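Naming: A, B, ... by sequence-line order, numbering from 1 per chain. Every value quoted in this text rests on a predicted model; they were computed, and no experiment measured them. Heavy atoms only: backbone and side chains are in, while hydrogens, waters and symmetry mates are out.
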Number of protein chains: 2
Amino acid sequence: MGTPENAANYTAKKYRTPDGAPCDIVIFTIATVEAQIHKKSLPRRELQVLLIQRKAWPDEGKWALPGGFSMPTESLYESARRELQEETSVESPYLEYFNVYSTPNRDPRGWIISHAYFALVQESILANRRAADDAADVKLFSVDEALNTLHLAFDHHEILRDARARVQHKMLTTTIAREFLPEEFTIVELYQVIQTVCPDFEDPNFKRKVTATKTRQGLIEEARDDQGVKKTTNRNSQRHAQLYRFTDYEPIVSIYQ
Amino acid sequence: MGTPENAANYTAKKYRTPDGAPCDIVIFTIATVEAQIHKKSLPRRELQVLLIQRKAWPDEGKWALPGGFSMPTESLYESARRELQEETSVESPYLEYFNVYSTPNRDPRGWIISHAYFALVQESILANRRAADDAADVKLFSVDEALNTLHLAFDHHEILRDARARVQHKMLTTTIAREFLPEEFTIVELYQVIQTVCPDFEDPNFKRKVTATKTRQGLIEEARDDQGVKKTTNRNSQRHAQLYRFTDYEPIVSIYQ
DNA sequence: GCAATAGTGTCTCTAAGACACTATCGT
DNA sequence: ACGATAGTGTCTTAGAGACACTATTGC
């Protein structure tokens, strides 16, 4: 083996190369599952995931994560964003890479390394979704239902499980809760989003801590109108509740201090 | 387009496929840079990264992260582990996937999507390292030096920067400090590891909080010998200091509670 | 007035943060 | 005795956690 001086001497494709580098996208939303009937109260909400029923080999008929093969002219993020827009037509998505899936023979079509992203989307944006041409059907499932009762295509069960774990972790350590909330929200709505994603989360003093505690000051702030008057809403109750908004501040948490 | 019933109908390779899916590994260690001369005291330590000088096109002569092309018979983790062992001969590494790099034309050899791992290795293990056959030289660099003064091959500057950010974040939110420490360590040694990776970390009451605070109880415990007597060391000072060990407990931190 | 949700008063216990102090031990 | 690092005493202020209480308003 010599030391080639330039590209002309480089002999590519000496080895087998991958048969594709697709993206799979775990599109999460928090959906209202029980509308309030007559009484004013917080509706029940649950974490859902968008799945597509495959209409071609392999795993025809099974539910799968949306996705598709990436192209050499785009980065994987751009590819994922393109796929996401095809499904949801969301313009400025929360879209984050979280893992790669490369177990040999995970896809019968060949050596296919899949890149998994998750997206957080407001329920309202998924209202006008449409089926892509490679899918017989598109549907939102409760994540619990998808993991416990469906037989997903490929290794998508593992991908969905990993995605949920990642979102649960980020829900407690970052401010991604904002992706599931309107600009201005009440404390109870925030609390519900956290609990919907992290069922074990419980904190009787939540309101005090999130608003009054010095170390957390700056995380959220009271919403005010043009005159500086605090804004409230009574959409969830008879009594008006203070509206809050997230600030730009992203706290860093440490196990040591 | 019909609905093919099985693999025989599947026509693969309709599109261009990637030219390779390599792994790049950011191998971190914390190295002693000033041995104590005469006096007993903590040596200065710094975060270092292992780099390889390329001896072939492209970017011949530049320093690069160790890595190599993965094979269809192995997962990317196995591939990364194989590469890591070739460089360091470490048997049970801390090795974690953290990102993918797929910008078009990031590699002049073609459509090459690189998978970045970071490894945390004890300084002692890197003592008997050897050059792999595709590298002219192997060397440890201070991470600051590598980022500020070297011109790394490909997009390895970006990869190294991302890896450092990830390790800094995990240093504060997980117990990866253990990877840079002996089984049993003093509080000051732990404090130094955290500060070496995260220069902004400062906490005058560190010892109190990490040992006495209820919410952190279970993170570390006092090292004891067979008779249950507390173990101490005077390797860093004249006075003996208590030795501690990490437990299996991994705390979860939240910005809300 | 009732129901339903929003929000407060108040008490106890624990932690944070600061700073000066004591302890140990090789040289 | 000195120097260097390990570790403690103690005080003030803030937050956690619990629980019962008051407030608002549509019906």
* Structure fact -> To the nearest angstrom, the CD-P distance between A/E222 and C/dA6 comes to 16 Å
* Asked: What residues form a side-chain contact (heavy atoms from CB on, under 4.5 Å) with A/R178, not counting sequence neighbours?
  -> A/T175, A/F246, A/E250
* Asked: So which nucleotide from D/dT8, C/dG26, C/dA6 ends up closest to the side chain of B/K207?
  -> D/dT8
* Could you work out which one of D/dA18, C/dG7, D/dT8 sits closest to the side chain of A/N205? => D/dA18
* Structure fact -> The answer to which of A/P204 and A/H240 contacts DNA chain D further toward the 5' end, by nearest nucleotide, is A/P204
* Just compare D/dC19, D/dT25, D/dT10 and give me whichever is closest to any side-chain atom of B/R208. => D/dT10
* Between A/R235 (CZ) and D/dT25 (P), how many Å, whole number? -> 16 Å
* Structure fact -> Here the pair of heavy atoms bringing A/R166 nearest to A/F118 is CG-CE2, 3.7 Å
* Whole Å only: how far is the CG atom of A/N234 from the P atom of C/dG7? -> 12 Å
* Check the distance between C/dG17's C1' and A/Y256's OH and give it to me in whole angstrom. => 20 Å
* Could you tell me whether B/E202 atom CD has more than 12 heavy atoms of other residues or ligands within 6.0 Å of it? => no
* What is the distance, rounded to the nearest whole Å, between atom NZ of A/K230 and atom P of C/dG7? -> 10 Å
* To do: Pick out which of B/E222, B/E184, B/E189 makes a salt bridge (charged side-chain N to carboxylate O under 4.0 Å, His left out) with B/R245.
  => B/E184
* Test the B/K209-B/F206 pair against the cation-pi criterion, namely NZ or CZ under 6.0 angstrom from the six-membered ring centroid and within 45° of the ring axis. => no
* To do: Check the distance between C/dT5's P and A/Q192's CD and give it to me in whole angstrom.
  => 11 Å
* Which nucleotide in the list C/dT5, C/dA3, C/dA16 gets nearest to the side chain of A/S237? -> C/dT5
* **Separation of atom CG in A/N236 from atom P in D/dT24, rounded to whole Å** => 19 Å
* **Out of D/dT24, D/dT8, C/dT8, whichever nucleotide has its closest atom nearest the side chain of A/R239** => D/dT24
* **Quiz item: B/Q238 side-chain donor-acceptor pair to D/dG3 base, under 3.5 Å** => yes
* To do: Send over the distance from B/Y191 OH to D/dG7 C1', rounded to a whole Å.
  => 15 Å
